[in-house]
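A short write-up of the structure that comes next.
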Amino acid sequence: MGIREDIRTVFKKDPAARSTLEVICCYPGLHAVWIHRVSHFFWERHFYFLARLLSHISRMLTGIEIHPGAKLGRRVFIDHGSGVVIGETAEVGDDVLIYMGVVLGGTALEKVKRHPTIENDVVIGSGASVLGPITVGRGAKIGAGSVVIRPVPAGATVVGVPARIAETHPSVSAGQLDHDKLPDPGLIVISQILDRLSRLEDKFQAHEELVSGHGKTPQGAALKDEQIYSLLKDVVDPGVGMDIVKMGLVKEIIVDGPNVDVNLVLTTSACPMIEYFKEQIRRKVLSAEGVEKVNVNILDEPWSWDRTRKKVVH
């Protein structure tokens, strides 16, 4: 656990690092880890007061509180670090990346193992809290602001309060948090429920038409935009609880005979509901008489709430 190895870790995990001198002098997370090693040395030899004193000095200097009884592995990097708290019986493995505001806290008052165990290659986002004697498996990712109170499987990504598993498989970008790509398990579940409901509604409507003896009414006139807009009002954004037409997400509908193009403008190109929207729109538009092919296009342009005020109600 040499100083050179720690410095190399900083260069590897922080693109803002420019020089060795800067890393040595200006990285409080690095200073906190170095001081902790000394205080932990004294703690293991039962010099408890001296160990706690060093830990307290480290907290004043760096804003990071690491109990001298905690165990840190090799190449642990605390980025920025302000507000990080690591409890007495916490165990942190090798190559763990911890961002500011992280708490590895306890949930018991007894003198037992009451803090989490963080295995190798884990990434913990800003403001996350991991509470209790639980284990966060190797290569797991914890999203910013999450509160983890249950064990996390190896390679999983957890987000939310309380944290829920959003992805169970290891990420291809190991060692990176990918803050902009964290899935929302709540929205995923809601979208699945809405998808199921939509399928049941379609089946119920088909059954009603069969019982009443009325099939689809032939349309002599060409398919119109208004018909498509009417169908798309059944596609609800699960994150807002409002249909995509009312929200103004549908920018344009182009009808070319049996072919229909639906152009959407979303709040972000990384919207987790893109595939859900596409599938729902295809199904709804294909239910119209005479439609053979539906293309759903996500336009690369800014989305604005002003569109909902200017949008003509169909």
Side-chain angles (χ1 to χ4, degrees), residues 1-118 122-134 136 142 144-148 177 179:
M1 294 189 292
I3 293 177
R4 290 183 180 180
E5 184 179 57
D6 294 331
I7 294 173
R8 285 196 297 268
T9 299
V10 174
F11 280 110
K12 180 181 179 181
K13 296 186 176 180
D14 186 5
R18 291 179 174 80
S19 68
T20 300
L21 181 62
E22 176 186 351
V23 170
I24 293 173
C25 298
C26 305
Y27 275 74
L30 199 58
H31 303 155
V33 170
W34 287 343
I35 298 174
H36 170 73
R37 288 178 185 161
V38 178
S39 66
H40 185 66
F41 174 85
F42 287 118
W43 183 268
E44 288 190 320
R45 284 152 183 79
H46 308 293
F47 294 102
Y48 299 127
F49 175 76
L50 181 58
R52 288 301 303 267
L53 182 61
L54 283 174
S55 174
H56 186 65
I57 293 172
S58 174
R59 178 187 178 184
M60 290 190 293
L61 294 175
T62 65
I64 299 169
E65 181 174 347
I66 307 176
H67 193 283
K71 298 178 181 178
L72 301 187
R74 301 175 62 181
R75 298 177 298 278
V76 173
F77 178 45
I78 303 175
D79 196 3
H80 297 289
S82 178
V84 168
V85 177
I86 300 178
E88 177 186 4
T89 60
E91 299 176 45
V92 180
D94 300 336
D95 300 296
V96 172
L97 176 58
I98 299 173
Y99 286 93
M100 64 171 293
V102 167
V103 175
L104 305 183
T107 55
L109 298 177
E110 295 81 12
K111 293 183 180 295
V112 294
K113 167 70 172 171
R114 59 190 187 278
H115 296 90
T117 297
I118 311 297
V122 172
V123 180
I124 309 178
S126 302
S129 297
V130 186
L131 307 175
I134 61 177
V136 178
I142 299 173
S146 301
V147 178
V148 184
L177 190 55
H179 298 268

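Because the structure is predicted, anything quoted here is derived from the model rather than measured. What you see below is based on every heavy atom in this structure, not just the backbone, and it leaves out hydrogens, waters and symmetry mates. The chain is numbered in sequence order, starting from 1.
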#### Entry: H80 atom NE2, neighbour heavy-atom count above 12 within 6.0 Å
no
### Task
Please assess L104 against I124 for the test side-chain contact (heavy atoms from CB on, under 4.5 Å), listing each intermediate value before the final yes or no.
CA-CA 10 Å; L104 305 183; I124 309 178; 4.1 Å; yes
### Query
Does G73 offer a backbone N or O that forms a donor-acceptor pair with the side chain of D94 under 3.5 Å?
no
## Note on the structure
Distance col, row L131:CG vs I134:CD1, nearest 0.5 angstrom, shows 7.0 Å
### Task
Give the ring-plane orientation class for H46 versus Y48, where under 30° counts as parallel, over 60° as perpendicular and anything between as tilted.
perpendicular
### Task
Give me the one residue out of R52, K113, R114 that meets salt bridge (charged side-chain N to carboxylate O under 4.0 Å, His left out) with E88.
R114
### Message
Please verify the inter-ring angle class for Y27 with F77; under 30° counts as parallel, over 60° as perpendicular, anything in between as tilted.
### Response
tilted
### Summary
Between the CD1 atom in I35 and the OG1 atom in T62, the distance rounded to the nearest 0.5 Å is 6.5 Å
#### Entry: Non-hydrogen atoms of I64 and S82 that approach each other most closely
CG1-N, 4.5 Å
### Task
Could you tell me which non-hydrogen atom of F11 sits nearest to which non-hydrogen atom of S19, and how far apart they are?
CZ-C, 3.5 Å
### I3/I7 under side-chain contact (heavy atoms from CB on, under 4.5 Å): CA gap, chis, key distance, verdict
CA-CA 6 Å; I3 293 177; I7 294 173; 3.9 Å; yes
### Message
Just verifying a value: how many Å separate I78 CD1 and H31 NE2, rounded to the nearest 0.5 Å?
### Response
12.0 Å
### Task
State whether the side chain of K12 and the backbone N or O of D14 hold a donor-acceptor pair below 3.5 Å, judged by distance alone.
no
### Task
Measure the spacing between CD1 of I57 and OG of S39 and express it to the nearest 0.5 Å.
10.5 Å
### Query
Between K71 and E91, is there a side-chain N and carboxylate O pair less than 4.0 Å apart?
no
### Query
Between V130 and S146, is any pair of side-chain heavy atoms under 4.5 Å apart?
no
### Interatomic spacing from NE2 in H40 to CZ in R45 - rounded to 0.5 Å
9.0 Å
### Query
Is H115 reaching over with its side chain to a backbone N or O of G105, donor-acceptor style, under 3.5 angstrom?
no
#### Entry: D95 vs K13, side-chain contact (heavy atoms from CB on, under 4.5 Å): CA-CA, chis, key distance, verdict
CA-CA 10 Å; D95 300 296; K13 296 186 176 180; 4.0 Å; yes
### Message
V76 vs H36, test: side-chain contact (heavy atoms from CB on, under 4.5 Å). Steps then yes/no.
### Response
CA-CA 12 Å; V76 173; H36 170 73; over 6 Å; no
### Donor-acceptor contact below 3.5 Å, side chain R59 vs main chain S55
no
### Summary
All heavy atoms of A128 vs all of I142, minimum pair found to be CB-CG2, 3.8 Å
## Note on the structure
Heavy atoms of A70 and I86 approach each other most closely as CB-CG2, 3.9 Å
### Task
Identify the heavy atoms of A17 and V10 that sit nearest to each other, and give their distance.
CB-CG1, 4.1 Å
## Note on the structure
Heavy-atom closest pair (W34 atom, I24 atom, distance to 0.1 Å) is CZ3-O, 4.5 Å
### Query
Does the T9 side chain pair with the main chain of E5, one donor and one acceptor, at a distance under 3.5 Å?
yes
### Message
Quick check for you: to the nearest 0.5 Å, what is the distance between L50 atom CG and F41 atom CZ?
### Response
10.5 Å
